[in-house]
Amino acid sequence: MANPVAAEDGPSHRYGWLDEITKKIDNLSPVSNWSIWKVPHSLRTVNDDAYNPHIISIGPLRRGELKLQSMEVHKLYYMRSLLQRTPDLKERLKSSAEAIEKFEEMIRACYAEPINLKPSELAETLLVDGCFMLELFIRYSKVDLRVQDDPLFYSSWMILTLQRDLSLLENQIPFFVLENLYSLVVESSTIGQSLPSLPELALGFFKSILYLNKENFRIIKRPYPHLLDLIHNCYLPSATPVRNNIRERVSTQPATSLYEAGIEFRKGTTRNLFDLKFRNGVLEIPPLLIHDSTVSLFQNLIAYEQLSRGTPQYITSYFALMSRLVYDRRDAKLLESKGIIENDMSGWKDVSVLFNDMCKQVVVQDFYYAELCQDLNSPKFSLWALYRTNLRRNSRTTAVRNNTREWVSTQPATSLDAAGIVFRKRTARNLFDLKFRHAALRQSIMSKLGSEFAMKDLGPLSYFLGISVTRHSGVDTKAKLSMSSGNPYHDPTEYRSLAALMSRLVYDRRDAELLESKGIIENDMSGWKDVSVLFNDMCKQVVGKDFYYAELCQDLNSNFRTHWALYMATLRKTYFRSPWAVLSITAACVLLILTVTRTIYALA
């Protein structure tokens with residue numbers, strides 16, 4: 001058998017491609033040195049823009065992108081200003097270049113991906129970018145050093161965008177490069193003695209988007225891989241929030257469900273994001289300011305925690321918890337009303353989407369709020385506290401009943417279910433035959449509906465809200481009712497009223513799942529997993545003159561606000577879920593009665 005290595009030395013060079021593999025193996029850096037990565041595709045599929053620079057590239061990973069070239073000339077202007085403060089500009093420039101070239105191997109080892117740049121190109125990139133960043137930090141700190149008509153400080157959006165771009169994971173350079181440039185160029189300059197340390201100077205630049213108090217801007221004397229790690233250190237709590245060794249992820253209920261169960265939400269007084277406290281039925285959450293820059297910052301911090309070995313996953317744990325608390329827009333609205341979430345994002349009305357997307361494709365290895373979630377899920381929050389809380393919330397609420405035909409809103413299905421209203425599938429085929437059985441109310445509701453329009457069996461369903469229904473595997477959503485096909489229905493208001501009522505009952509996916517579990521909704525539509533979107537879209541831009549379910553909604557609202565009904569519903573769901581629970585409580589009551597009877601006879 002021929003020796004491939006020997007054949008390689010021959011004139012044919014049959015195995016010349018082995019040289020390329022050998023070269024690639026030799027250029028691999030130790031995994032333990034990696035601190036700067038490209039964001040994985042799985043995270044980018046959720047929000048690609050959060051990881052992309054908008055106006056500037058820093059370091060070799062995004063070097064040369066056409067849309068970022070306009071900032072290259074500003075880098076050179078800033079570099080010249082920085083060097084002009086030194087005794088000898090050319091000599092300082094030369095010594096800085098030599099220092100960076102000396103660290104070339106260490107620099108390449110910091111990047112997980114091979115850097116396809118020549119040594120001179122890599123040194124030039126880091127020298128120009130490093131000097132630009134130092135001069136930017138200095139001008140931000142020292143207002144009197146800013147050049148007149150400086151385009152970077154001319155408008156506030158420019159600085160805000162630079163703060164965003166410089167905190168991206170793919171826009172990082174090794175921190176020791178900045179430290180060497182700071183020592184060689186800044187400390188020997190005319191202003192070197194008046195400036196703070198490099199970490200303090202850098203954090204001062206990012207302070208406005210971090211939304212932290214002075215206590216969190218602590219500088220620990222340790223090697224920082226890059227600026228993003230320096231920022232990450234500011235968010236770490238001074239003390240570990242975990243009180244035991246439970247580190248697996250524990251889920252909890254959304255904020256609205258916890259609120260309906262009697263748990264109060266309160267804005268925390270501290271600005272440390274991780275200082276969540278649950279005491280005496282009150283969950284204190286520090287305020288969180290949400291704007292465009294912070295979204296990108298938090299997602300890059302999460303990406304850094306996912307990729308960096310040994311980095312504590314506090315940011316990931318926090319947003320994993322918040323993504324569960326802020327499950328939909330109702331949860332976001334509740335926390336916004338309490339001052340816990342401050343939404344300052346342009347174009348984002350529903351921040352629940354943001355929280356749900358934040359932890360998609362993310363693995364939580366160390367969940368630091370496991371015990372907090374266990375406390376929230378604990379049944380030790382008594383029925384009496386639940387009743388007292390709801391009594392306090394509804395003490396000033398009164399229900400008004402009248403004969404109005406105008407739009408009357410009601411609660412979503414899950415909220416009504418939590419309040420003790422049971423949903424049941426009707427045997428009647430009439431879509432409009434909705435009944436709310438509540439003793440004295442049943443006859444009045446049916447008589448009212450009967451007086452409004454004739455209740456009759458419409459036979460097999462043919463059309464519903466413009467959708468043609470055929471009797472086969474599913475619903476034909478393509479064949480629409482046109483202006484010329486068929487005879488117009490004599491009163492379409494009935495359909496509009498039903499659609500309006502269902503769009504309120506089926507507010508989100510939880511409501512849809514509840515009604516599907518009761519057999520009320522049978523979802524046989526291909527491609528529609530979340531039918532709540534269908535119901536919500538059905539009545540958009542629709543104006544109805546008469547609402548046939550006004551009194552029905554008033555009755556639902558009246559029962560929803562009844563304290564006794566809520567108390568009995570909670571009692572039934574908590575203690576009477578199974579026959580064994582019923583037997584146990586019945587036996588306990590009988591035993592109590594016998595004990596009391598025996599005590600009375602003994603005393604007599």
Side-chain angles (χ1 to χ4, degrees), residues 167 203 206-220 222 224 228-255 258 263-280 282-291 293-306 308 310-326 331-332 335-336 338-343 351 354-356 358-359 362-377:
S167 62
L203 286 178
F206 293 103
K207 184 177 181 180
S208 62
I209 66 169
L210 299 184
Y211 198 63
L212 295 170
N213 54 22
K214 293 181 180 180
E215 297 175 357
N216 293 101
F217 283 91
R218 56 187 182 277
I219 307 298
I220 301 175
R222 67 169 179 84
Y224 293 101
L228 187 61
D229 182 76
L230 178 65
I231 295 172
H232 182 269
N233 178 74
C234 291
Y235 281 105
L236 298 184
S238 55
T240 304
V242 182
R243 298 190 296 272
N244 57 24
N245 294 323
I246 302 172
R247 301 297 284 274
E248 68 273 9
R249 185 172 179 178
V250 180
S251 183
T252 188
Q253 297 298 314
L258 294 174
I263 294 176
E264 291 287 344
F265 289 86
R266 185 178 299 165
K267 178 180 178 181
T269 55
T270 176
R271 291 177 70 175
N272 189 324
L273 280 180
F274 307 100
D275 194 13
L276 282 73
K277 298 178 181 178
F278 179 57
R279 293 177 297 190
N280 301 322
V282 178
L283 178 59
E284 288 189 7
I285 304 177
L288 174 65
L289 176 64
I290 297 292
H291 57 81
S293 296
T294 54
V295 171
S296 174
L297 172 64
F298 285 132
Q299 292 204 280
N300 279 270
L301 287 170
I302 291 173
Y304 177 56
E305 289 183 348
Q306 292 287 292
S308 179
T311 300
Q313 296 189 348
Y314 287 107
I315 305 290
T316 307
S317 297
Y318 173 81
F319 280 99
L321 173 63
M322 293 300 291
S323 67
R324 187 56 187 165
L325 289 177
V326 189
D331 305 310
L335 297 187
E336 285 182 20
K338 302 293 183 179
I340 295 172
I341 295 178
E342 300 176 21
N343 183 11
V351 294
L354 183 149
F355 281 104
N356 289 326
M358 194 78 74
C359 284
V362 170
V363 178
V364 184
Q365 294 179 341
D366 295 312
F367 185 57
Y368 290 91
Y369 298 101
E371 188 170 348
L372 174 67
C373 290
Q374 287 183 337
D375 291 341
L376 291 173
N377 299 336

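Computed from a predicted model, the values in this text were never measured in an experiment.
For the atom pair Tyr318 OH and Leu273 CG, the distance stands at 5.0 Å (nearest 0.5 Å). Rounding to the nearest 0.5 Å gives a distance of 10.0 Å between CG of Leu288 and CG of Asn343. The CG atom of Leu230 sits 8.5 Å away from atom CZ of Phe206, with the distance rounded to the nearest 0.5 Å. Atoms CZ and CG, on Arg324 and Asn356 in that order, are 9.5 Å from each other to the nearest 0.5 Å. Atom CG in Leu289 sits 11.0 Å away from atom CD1 in Ile341 (nearest 0.5 Å). For the atom pair CZ of Arg266 and CG of Leu283, the computed distance is 10.5 Å after rounding to the nearest 0.5 Å.
Taking the salt bridge (charged side-chain N to carboxylate O under 4.0 Å, His left out) definition, one finds that Arg279 meets it with nothing, sequence neighbours left out. With sequence neighbours excluded, the residues that form a side chain to side chain donor-acceptor pair (under 3.5 Å) with Thr316 are Glu305. Shown here are the side chain to side chain donor-acceptor pair (under 3.5 Å) partners of Thr252, two or more places apart in sequence or in another chain: Asn377.
For the residue pair Ile263 and Phe278, the shortest heavy atom distance occurs at CG2-CE1, 3.9 Å. Between Lys267 and Ile340, the closest heavy-atom pair is CA-CG1, 3.9 Å. Nearest heavy atom pair, residue Ser167 against residue Ile231, reads CB-CD1, 4.1 Å. In terms of heavy atoms, Phe265 sits closest to Leu335 at CD2-CD2, 3.8 Å. In terms of heavy atoms, Asp331 sits closest to Val326 at CB-CA, 3.6 Å. Residue Pro287 comes nearest to Glu342 through the heavy atom pair CB-OE2, 3.9 Å, listed as atom of the first residue, atom of the second, then distance.
Each of Phe298, Tyr368, Tyr235 was checked for a ring-ring contact (aromatic ring centres under 6.0 Å, His included) with Phe319, and the lone residue meeting it is Phe298.
Within the 4.5 Å cutoff, the side chain of Ile285 has no heavy atoms near those of the Lys338 side chain. Taking the side chain as every heavy atom from C-beta outward, Pro286 and Leu276 approach each other to under 4.5 Å. Contact annotation: the side chain of Leu236 approaches that of His232 to within less than 4.5 Å [non-hydrogen atoms, C-beta and beyond]. Put simply, the side chain of Gln306 reaches to within 4.5 Å of the side chain of Val363, judged on heavy atoms.
Proximity of a side-chain donor or acceptor of Gln313 to a complementary backbone N or O of Val364 within less than 3.5 Å is not detected. Under the 3.5 Å distance criterion, the side-chain polar atoms of Asn233 are left unmatched by any main-chain donor or acceptor of Asp229.
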*With side chain to side chain contact (heavy atoms under 4.5 Å, CB included) as the test, would you mind laying out the steps for Leu321 and Phe355 before giving the verdict?*
CA-CA 10 Å; Leu321 173 63; Phe355 281 104; over 6 Å; no
